[in-house]
Number of protein chains: 2
Amino acid sequence: MEKQTITIYDVAREASVSMATVSRVVNGNPNVRPDTREKVLKVIEKLDYRPNAVARGLASHRTTTVGVLIPDITNIFYASLARGINDVATMYKYNIILASADEGKHKTDAVLQSIMAKQVDGLIYMGQHVDDSTRKELDRGKTPVVLAGTVDPQDKFGSVNIDYVAAIKEATSRLIASGNQRIAFVTGPLSDPINGQFRLKGYQEALSDAKIAYDESYVFETEYSYRAGEAVWDAVKRAGVTAAVVTDDELAVGFLNGARDAKVKIPEDFEIITSNNTMLTEIVRPKLTSIAQPLYDIGAVAMRLLTKMMNKEEIDQKTILLPHSIITRNSTK
Amino acid sequence: MEKQTITIYDVAREASVSMATVSRVVNGNPNVRPDTREKVLKVIEKLDYRPNAVARGLASHRTTTVGVLIPDITNIFYASLARGINDVATMYKYNIILASADEGKHKTDAVLQSIMAKQVDGLIYMGQHVDDSTRKELDRGKTPVVLAGTVDPQDKFGSVNIDYVAAIKEATSRLIASGNQRIAFVTGPLSDPINGQFRLKGYQEALSDAKIAYDESYVFETEYSYRAGEAVWDAVKRAGVTAAVVTDDELAVGFLNGARDAKVKIPEDFEIITSNNTMLTEIVRPKLTSIAQPLYDIGAVAMRLLTKMMNKEEIDQKTILLPHSIITRNSTK
DNA sequence: TGATATACTGAAAACGATTTATTTTCAGTA
DNA sequence: TACTGAAAATAAATCGTTTTCAGTATATCA
């Protein structure tokens, strides 16, 4: 009494055609006479036949599945990228195998391997810096890879980002323009090239342009979280700065609340600019001035680029920079 | 010069054993002599053999993959559940095929079908009410399904929730206890049984216990979003209530900010209790008093339940209620 | 020592599709 | 009426595993 699964063979038999013909109908191959197509479709409907994607994947070497590596799904920044990725993937009929890699280095490799074993047609990689073992894993097949909101200094993969140097430079310059001489740079791990190479550079360039000496003790390296932001406030304040550029919204919000809970007036006594323009910047009071990154689009464009690579289409630009801007709200004068 | 893929056959030949033996080694089947196992493992290592999960899935009828349907990945509530799901899934070596179903009804069906076509071993369903066509789709196979943070009145699937009636009743009672007689109930679609049947009931019971007449005009049905919260404030205020129970944090935060931007003092002039105790409740000022749901655990327990169902283990309880509480913060007196 | 049980191993048949190489069909032309 | 070539259809190989079943080696016991 087991519910019998209907295979392409059943359809073929019932429609008195070969499996190949059924396969053509299912895949929209034009080399089928309209009346045979009709006949086959009728049988498919009648038997409620559903092609088995696993068998299909084995036979065709295409799974119509892409892997997505995300550091932390509850971080709105990454979740926003994921939304863009998801929408475009759905549009192009790909399914997403999602893997969260928040559990430290070792896990990342294992998780990546399990995804590759599933024969994904492509991979989107977000977040952490691509280290050697990861790179090795990514290199072994010919699976196309696109980094979203992530840079690889070796520039081997496709990638979609904003110009971090310019963005942070503008933000810093704005704080300088409103009279701040001592500005903190509060960021995540400097081991990530986005922070350590690009953003830091933007920060330094802005100072340099304004003839302000770079002071390493104004750089605060912590992690991307609300708690970390609350926690780092004291140290920043003690350093004697009057403003801060923060590179993550959760971090910035924690930082802001740390300041406010310490009765510091924002922006009168202290100015803050954050980096991702997520919903959080609008939720807190005062609302946070922020660099605006097109989060959804970064994800969407990354996925679109990946589809091109998977189709082996000609790619004109595999390293894409999307435009950014600065949205002024109430955490700056 | 194509990079040749190494198959189980290559390993077998190189190790002078049969494919069956290699398969046994790979799958940890104990019926292999230690020295043969050793020999095979050596060859696997040498050739850097990686089993093809697709072929495996076809042959074994198990894909070690579960589908996860999420309404909106950028909503922290669902993202938190997803985190719990992900962690347990990883622990049990399952990969997750994630599908976001925010694009309205029609899409949900298509997406669900594409997931089922991938032969997932199980499915976690979050969010929207399970409607007829969805139910039909879920019924056609014998794929186990668990609802997380979602109830099905027909109680056909596994599910993990809190006791919504009790939780909202407690919250409402607390507002009554602090002197409020006219309390708004601000919620998402009442078509979702969680809102329409359970939460509403809890609200009504609390009123009834306090001998307060239920007034339908105090019930505000909107959607789960920050904007919706901001927008609904005016209407709620006009209704002349002095407190509100809100059933989603983003909604509550928008509502709170709507109130504050209108210069209403919280909690002195208006009290608010929200429902999900996400990070948002701590981020805003004043911090929001909230029903605390064990979000991560709801996801984790749901996934754990699903693993049991997939293993055909005996299930003692397929409808699980996790404990809740109320965290008092500063949006209530 | 022989019989019997038990532990290993291997050959080959699935699994459910796609794809390749052939064959058949069917207008259209000579 | 015979022939041709494109279009349509088929048979069979293939994808990379697991699994079944049968067979062989090894161990155990009397």
Side-chain angles (χ1 to χ4, degrees), chain A residues 2-41 43-44 47-65 114 116-121 141-142, chain B residues 2-41 43-44 47-65 93 114 116-121 141:
Chain A
E2 263 296 310
K3 231 176 261 178
Q4 190 56 54
T5 78
I6 309 291
T7 74
I8 198 173
Y9 174 78
D10 299 316
V11 176
R13 184 167 34 69
E14 184 81 10
S16 337
V17 298
S18 72
M19 290 159 57
T21 300
V22 177
S23 175
R24 286 199 193 84
V25 170
V26 169
N27 293 294
N29 183 312
N31 286 355
V32 180
R33 255 197 344 248
D35 54 330
T36 6
R37 177 184 308 279
E38 205 53 44
K39 182 173 60 177
V40 171
L41 284 175
V43 173
I44 287 179
L47 301 185
D48 193 19
Y49 164 71
R50 306 286 183 90
N52 178 322
V54 173
R56 215 192 264 230
L58 181 59
S60 69
H61 299 283
R62 297 189 61 243
T63 55
T64 58
T65 297
S114 78
M116 298 305 268
K118 293 270 154 80
Q119 313 295 117
V120 293
D121 297 336
K142 57 271 142 269
Chain B
E2 263 295 311
K3 229 177 263 178
Q4 191 55 55
T5 76
I6 309 291
T7 72
I8 199 174
Y9 175 79
D10 299 315
V11 176
R13 185 167 31 71
E14 185 82 9
S16 332
V17 297
S18 70
M19 289 159 54
T21 300
V22 177
S23 175
R24 287 195 191 92
V25 170
V26 168
N27 293 294
N29 183 316
N31 285 355
V32 180
R33 245 190 3 235
D35 53 329
T36 10
R37 176 185 307 279
E38 205 52 45
K39 183 173 60 177
V40 171
L41 284 174
V43 174
I44 286 180
L47 300 185
D48 192 18
Y49 164 72
R50 306 287 183 90
N52 178 321
V54 174
R56 214 192 262 232
L58 182 58
S60 68
H61 298 285
R62 296 190 62 243
T63 55
T64 57
T65 296
K93 313 266 189 234
S114 77
M116 298 305 269
K118 293 270 154 79
Q119 313 295 121
V120 294
D121 297 336

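Basis for what follows: all heavy atoms, side chains included, without hydrogens, waters or symmetry-related copies. A, B, ... follow the sequence lines: proteins, then strands. Residue 1 opens every chain. These numbers were taken from a predicted model, which means no experiment stands behind them.
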Using a 4.0 Å heavy-atom cut-off, does A:V17 contact any base of the nucleic acid, only the sugar-phosphate backbone, or nothing at all? sugar-phosphate
Phosphate contact (D:dG16 OP1 or OP2) by B:T7 side-chain N/O below 4.0 Å: no
What is the distance from atom CG of B:D10 to atom CD1 of B:I44, rounded to the nearest 0.5 Å? 12.0 Å
How about B:V17 and B:V22: do any of their side-chain heavy atoms sit closer than 4.5 Å? yes
Atom CG of B:N31 to atom P of D:dT18: distance rounded to whole Å? 15 Å
Taking pairing as Watson-Crick or G-U wobble with both contacts under 3.5 Å, can you name the mate of C:dA5, or confirm there isn't one? D:dT26
Counting only Watson-Crick pairs (N1-N3 plus N6-O4 or O6-N4) and G-U wobbles (N1-O2, O6-N3), all under 3.5 Å, who is the partner of C:dT29? D:dA2
A:R13 atom CZ is separated from D:dA11 atom P, nearest whole Å, by 14 Å
Using the closest heavy atom to pick a nucleotide of DNA chain C for each, name whichever of B:M19 or A:I6 lands nearer the 5' end. B:M19
If you define the side chain from C-beta out and look only at heavy atoms, does anything of A:L41 sit under 4.5 Å from A:R37? yes
On a heavy-atom basis, the closest approach of B:A12 and B:S18 is CB-C, 3.8 Å
Whole-Å distance between D:dG16 P and B:I8 CD1? 12 Å
At 4.0 Å (heavy atoms only), tell me whether B:R37 reaches a base, stays on the sugar-phosphate, or touches nothing. nothing
Reading DNA chain C from 5' to 3', where do the contacts with chain B start and stop? Cut-off is 4.0 Å to heavy atoms. C:dC8 to C:dG16
Student check: side-chain heavy atoms of B:L47 and B:V11 closer than 4.5 Å: yes
Please give, in whole Å, the distance from D:dA8 P to A:E38 CD? 15 Å
Are B:Y49 and D:dT17 close enough that a side-chain N or O sits under 4.0 Å from OP1 or OP2? yes
Shortest non-hydrogen contact from B:Y49 to B:V26? CE2-CG2, 4.0 Å
What are the two closest heavy atoms between B:L58 and A:A55, and how far apart are they? CD1-CB, 3.8 Å
For B:D121 and B:H61, work out which heavy atoms get closest and say how close. OD1-O, 4.3 Å
Rounded to whole Å, how long is the line connecting atom CG of A:N29 with atom C1' of D:dA9? 11 Å
Close approaches to DNA chain D from residues 53-63 of chain B, in residue order (heavy atom, under 4.0 Å): B:A55, B:R56, B:A59, B:S60
Under a plain distance cut-off of 3.5 Å, with no hydrogens placed, do A:T65 and A:K118 share a side-chain donor-acceptor pair? no
